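Take a look at the structure below.
All values below were derived from every heavy atom in this structure, side-chain atoms included, with hydrogens, water molecules and symmetry-related copies excluded. The structure displayed is predicted, hence computed values, not measured ones.
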Amino acid sequence: MDNIITRFPPSPTGYLHIGGARTALFNWLYARKKGGKFVLRIEDTDQARSTKASVDAIFESLEWLGIDWDEGPYFQTDRYEIYSSYVQKLLDTGHAYYCNCTPEEVNAMRDEARAKGQNPMYNGKCREMNLEGGPGMVVRIKAPRMGSTVVEDVIKGNTSFPNSELDDFIIQRSDGSPMYNMAVVVDDITMGINTIIRGDDHLVNTPKQILIYNALSADLPVFGHVPMVLGSDRARLSKRHGAMSVSEYRDMGYLPDAMINYLVRLGWSFGDQEFFTRKELIEKFSLDHIGKSPSMFDMNKLTALNAKHIQAKTPAELSNELMPLLLQKEVKIKLEDDLEKAIETLQPRSKTLVEMAESALFYFKEDIEFEEKAAKKFFKPESLAPLKKSLEYMEALKEFTEKNLEDALKKVMDETSLKFGKIAQPLRVALTGTTVSPGIFEMILALGREKTLQRIQKAVQFIESKA
RNA sequence: GUCCCCAUCGUCUAGCCCGGUCCAGGACACCGGCCUUUCACGCCGGCGACAGGGGUUCGAAUCCCCUUGGGGACGCCA
């Protein structure tokens with residue numbers, strides 16, 4: 001099929017969660033891969049539960065993920081006239097009818113059906129009554145009673161649903177607003193959607209929608225139903241499983257590229273490849289390697305992938321992402337500070353941006369504090385000599401290079417007969433306040449001459465004051 | 001209850017459509033080792049799965065059936 005047109009139709013009754021994000025991603029990726037179009041549609045016909053805040057949250061999350069749309073956002077509430085004109089068509093062609101049964105009556109019918117061991121359904125009481133439309137009446141579709149409806153699904157294969165399980169479901173409420181299945185089909189037809197990838201909770205809706213397509217003599221789109229994403233307890237992902245909104249992952253320091261990489265791989269595979277750039281994903285994504293079984297969301301794997309994406313980025317790219325986090329922590333980055341160099345030293349040892357920001361602080365603080373435990377262990381009187389000598393030789397260097405610094409510390413080693421570790425650890429505490437940091441030389445280079453010397457001096461004073 | 005979907009290491013998955021190359025491969029997690037100035041990174045190794053039962057076949061993870069288990073849907077929600 002040429003001119004693939006896909007869509008993502010969230011209902012704005014909450015934030016964008018993992019499952020929704022993955023569905024959006026699949027549709028977006030497929031459209032991008034095929035050079036087609038991706039349409040965003042907001043399904044806000046449930047006025048009681050839809051909120052503007054949710055709409056904004058969804059936009060924000062999509063934007064963060066880098067999922068852009070070519071058309072829309074359309075709002076279903078702006079399209080009521082279109083829906084009613086299509087309902088009228090169905091009425092005119094005898095594919096639908098008015099019904100004045102009360103909810104209580106319908107409930108009774110359902111109970112009755114259930115008692116008989118059947119699927120709870122409307123019994124078709126008004127089907128042949130040819131009622132005139134009027135206030136308080138709903139419109140129902142005239143569903144076939146015999147035979148079966150086959151859903152051809154590119155992911156699940158063909159599935160056959162007995163029509164006896166379908167009732168004459170409501171397509172228009174008594175207030176004139178459309179029901180979900182009607183609105184969706186009308187939208188998908190009028191928007192030219194020809195490829196529908198959605199959660200497999202919709203698989204059982206599909207025969208109903210096919211019914212409407214047929215009644216409207218419209219061409220069927222290609223359907224693909226992707227399995228659900230489950231939480232660690234094997235139940236559908238929910239708030240119980242901690243962070244749910246996609247934007248919360250941003251706040252936890254995950255990169256959008258890592259997020260989409262993880263999300264796509266959750267259910268889709270490309271041989272043994274685990275790591276994908278955004279560009280690769282667009283090149284390689286396809287519908288025929290989407291799995292049929294539900295998958296569990298695994299934070300560990302997301303985190304591991306995030307670490308890999310952090311390593312794969314350039315320091316310049318990361319500095320854009322990191323800057324806001326650093327500012328939140330109230331450190332001042334000065335012009336002479338080499339943020340990118342600092343980032344480079346942190347890349348292999350940060351799993352998230354939050355972690356990276358945390359461990360970058362020592363580079364930029366005016367005044368670092370020595371951790372008590374670290375000072376106790378490494379700021380002993382015998383550390384004084386190597387620190388002083390290090391300071392002396394470093395001060396003597398015209399400029400700092402890895403080679404220079406190494407030579408300087410070698411001299412210290414020779415003169416003090418200490419092993420490298422005995423010199424490096426006190427230095428590390430002096431420079432960072434802690435016992436954990438990037439390698440000594442790369443760190444000094446990123447820190448710069450001035451701060452390095454100042455901090456060693458301060459450490460020397462600290463030890464002397466204790467003696 | 002009724003209908004529908006699904007089933008490979010703890011997790012994500014490759015392999016399944018087109019049976020033999022699979023006493024099942026990769027990744028995450030976990031455990032051990034190497035590297036080493038700390039912590040990481042990296043590298044090497046280990047643990048670990050075809051849900052069960054029947055069939056078909058010379059041969060089944062791969063095809064068929066049943067059972068079991070999990071998930072979903074049955075709304076004037078989407």
Side-chain angles (χ1 to χ4, degrees), chain A residues 9-13 43-46 48-50 76 99 101-103 106-107 110 113-121 136-140 151 153 155-157 159-162 164-167 169-175 177 179-181 183-184 199-207 225 227-228 230 232 234-236 262 265-275 288-289 291-305 307-308 311 345-351 359 374 378 409 419-425 427-429 432 434-441 443:
Chain A
S11 59
T13 53
E43 308 209 323
D44 55 350
T45 55
D46 184 356
R49 292 195 302 153
S50 298
Q76 290 189 322
C99 163
C101 295
T102 64
V106 175
N107 277 337
R110 291 207 179 95
R114 206 186 281 270
K116 279 195 271 183
Q118 290 169 339
N119 191 20
M121 303 192 298
M137 291 173 80
V138 301
V139 178
R140 291 183 180 274
V151 177
D153 188 297
I155 295 166
K156 303 263 186 189
T159 308
S160 177
F161 293 85
S164 56
E165 292 292 317
L166 282 181
D167 69 352
F169 57 92
I170 295 174
I171 56 176
Q172 187 175 75
R173 298 188 187 95
S174 53
D175 66 1
S177 65
M179 283 290 286
Y180 169 73
N181 284 121
V184 165
D200 71 3
D201 49 337
H202 285 289
L203 185 58
V204 288
N205 268 325
T206 310
H225 288 92
M228 304 273 89
L230 309 177
S232 44
R234 286 230 149 262
R236 206 169 162 165
Y262 176 72
R265 271 283 303 152
L266 198 60
W268 173 81
S269 62
F270 190 79
D272 283 337
Q273 187 173 347
E274 302 275 352
F275 181 93
D288 38 51
H289 282 284
K292 292 179 176 184
S293 50
S295 32
M296 271 167 59
F297 184 80
D298 179 13
M299 196 76 149
N300 274 328
K301 191 130 188 181
L302 205 212
T303 305
L305 219 35
K308 287 216 191 308
Q311 292 198 42
T345 68
L346 265 13
Q347 270 176 282
R349 57 199 93 226
S350 308
K351 291 189 188 306
S359 42
F378 293 106
L409 290 197
K419 279 196 186 169
F420 189 70
K422 292 283 180 197
I423 299 166
Q425 274 311 84
L427 261 180
R428 190 183 311 280
V429 178
T432 69
T434 73
T435 55
V436 174
S437 84
I440 284 287
F441 300 116
M443 171 172 69

> Looking at residues at least two apart in the chain, or sitting in another chain, which of them share a side-chain contact (heavy atoms from CB on, under 4.5 Å) with A:S174?
Replying inline: A:V138
>> Among residues at least two apart in sequence or on other chains, which ones pass salt bridge (charged side-chain N to carboxylate O under 4.0 Å, His left out) with A:R265?
In response: A:E274
>> Give me the distance, rounded to whole Å, that separates B:U62 from B:G52 when you measure between the P atoms they each carry.
In response: 11 Å
> Taking the C1' atom of each, how far is B:A51 from B:G1, in whole Å?
Replying inline: 26 Å
> Contact class for A:S160 (heavy atom, under 4.0 Å): base, sugar-phosphate, or nothing?
Replying inline: sugar-phosphate
>> My understanding is that a pair needs two contacts under 3.5 Å, Watson-Crick or G-U wobble. By that rule, which nucleotide pairs with B:G59?
In response: none
> Checking A:S11 side chain against A:T13 main chain: does a donor-acceptor pair fall under 3.5 Å?
Replying inline: no
> Considering Watson-Crick and G-U wobble pairs with both distances under 3.5 Å, what does B:U68 pair with?
Replying inline: B:A7
>> Under 4.0 Å, counting only non-hydrogen atoms across every strand here, what does A:G267 touch: a base, just sugar-phosphate, or nothing?
In response: sugar-phosphate
>> Using atom C1' in both nucleotides, what's the gap between B:U13 and B:C50 to the nearest angstrom?
In response: 13 Å
>> Would you measure the distance from the C1' atom in B:A24 across to the matching atom in B:C5 and give it in whole Å?
In response: 26 Å
> Given the C1' atoms of B:C47 and B:G32, what is the spacing between them in whole Å?
Replying inline: 10 Å
> Using atom P of each nucleotide, how far apart are B:C17 and B:G71 to the nearest Å?
Replying inline: 29 Å
> What are the two closest non-hydrogen atoms of A:T45 and A:Q76, and how far apart are they?
Replying inline: CG2-OE1, 3.4 Å
>> Does A:Q273 reach a base, just sugar-phosphate, or nothing at all? Heavy atoms under 4.0 Å.
In response: nothing
> For A:F275 and B:C41, what is the distance between atoms CZ and P respectively, to the nearest whole Å?
Replying inline: 16 Å
> Checking side chain to side chain contact (heavy atoms under 4.5 Å, CB included) for the pair A:F161/A:V151: CA distance, chi angles, key distance, verdict?
Replying inline: CA-CA 8 Å; A:F161 293 85; A:V151 177; 3.6 Å; yes
> Has the side chain of A:Q347 got a donor or acceptor atom that lies under 3.5 Å from a matching backbone atom of A:R349?
Replying inline: no
> To the nearest angstrom, how far is A:M296 atom CE from B:G72 atom P?
Replying inline: 14 Å
> What does nucleotides 73-78 of chain B look like as a protein-contact string, B for base, S for sugar-phosphate only, - for none, at under 4.0 angstrom between heavy atoms?
Replying inline: SBSBBB
> If you measure only the distance, is there a donor-acceptor pair under 3.5 Å linking the side chains of A:R173 and A:S177?
Replying inline: yes
> How close do A:Y262 and A:K301 get, heavy atom to heavy atom, and via which atoms?
Replying inline: CE1-CB, 3.8 Å
>> How many whole angstroms separate atom NZ of A:K292 from atom P of B:U13?
In response: 14 Å
> Out of A:I155, A:T159, A:T206, which residue meets the side chain to side chain contact (heavy atoms under 4.5 Å, CB included) rule with A:H225?
Replying inline: A:T206
> Got a sec, which residues hit salt bridge (charged side-chain N to carboxylate O under 4.0 Å, His left out) with A:D201, two or more places apart in sequence or on another chain?
Replying inline: A:R236
> With sugar-phosphate meaning primed atoms plus P, OP1 and OP2, does A:T435 contact a base, only sugar-phosphate, or nothing at under 4.0 Å between heavy atoms?
Replying inline: base
>> Does B:C41 count as syn, meaning its glycosidic angle lies within 90° of 0, or as anti?
In response: syn
>> Could you tell me how far B:C4 sits from B:U11 if I compare only their C1' atoms? Round to whole Å.
In response: 26 Å
> Using a cut-off of less than 4.0 Å, is there contact between a side-chain N or O of A:S269 and OP1 or OP2 of B:A14?
Replying inline: yes
>> Return a single string for nucleotides 18-37 of chain B, one symbol per nucleotide in 5' to 3' order, where B is base contact, S is sugar-phosphate-only contact and - is none, cutoff 4.0 angstrom on heavy atoms.
In response: -------BBBSS-------B
> Between A:H289 and A:V436, which has a closest nucleotide on RNA chain B that is more 5'?
Replying inline: A:H289
> When the C1' atoms of B:G48 and B:C23 are considered, how many whole Å apart are they?
Replying inline: 15 Å
>> If I take atom CG in residue A:L230 and atom P in nucleotide B:C5, what distance separates them, rounded to the nearest angstrom?
In response: 18 Å
> Is A:T159 touching bases, backbone alone, or none of the nucleic acid, heavy atoms closer than 4.0 Å?
Replying inline: sugar-phosphate
> Across all strands shown, which nucleotide pairs with B:U2 by Watson-Crick or G-U wobble geometry, both distances under 3.5 Å?
Replying inline: B:A73
> Ignoring hydrogens and angles, are the base of B:C41 and the side chain of A:R349 linked by a donor-acceptor pair under 3.5 Å?
Replying inline: no
>> Using whole Å, what does the distance between atom P of nucleotide B:A14 and atom CG of A:D288 come to?
In response: 12 Å
> By side-chain contact (heavy atoms from CB on, under 4.5 Å), which residues pair with A:P9, not counting sequence neighbours?
Replying inline: A:R7, A:R41, A:E43
> Considering Watson-Crick and G-U wobble pairs with both distances under 3.5 Å, what does B:G42 pair with?
Replying inline: B:C34
>> Of the listed nucleotides (B:C39, B:G15, B:C3), which one gets closest to any side-chain atom of A:F161?
In response: B:C3
>> For B:A14, give the paired nucleotide (Watson-Crick: N1-N3 plus N6-O4 or O6-N4; G-U: N1-O2 and O6-N3; both under 3.5 Å), or none.
In response: none
> Judged by atom type as modelled, is there a donor-acceptor pair below 3.5 Å linking the side chain of A:R428 to the main-chain atoms of A:P438?
Replying inline: yes
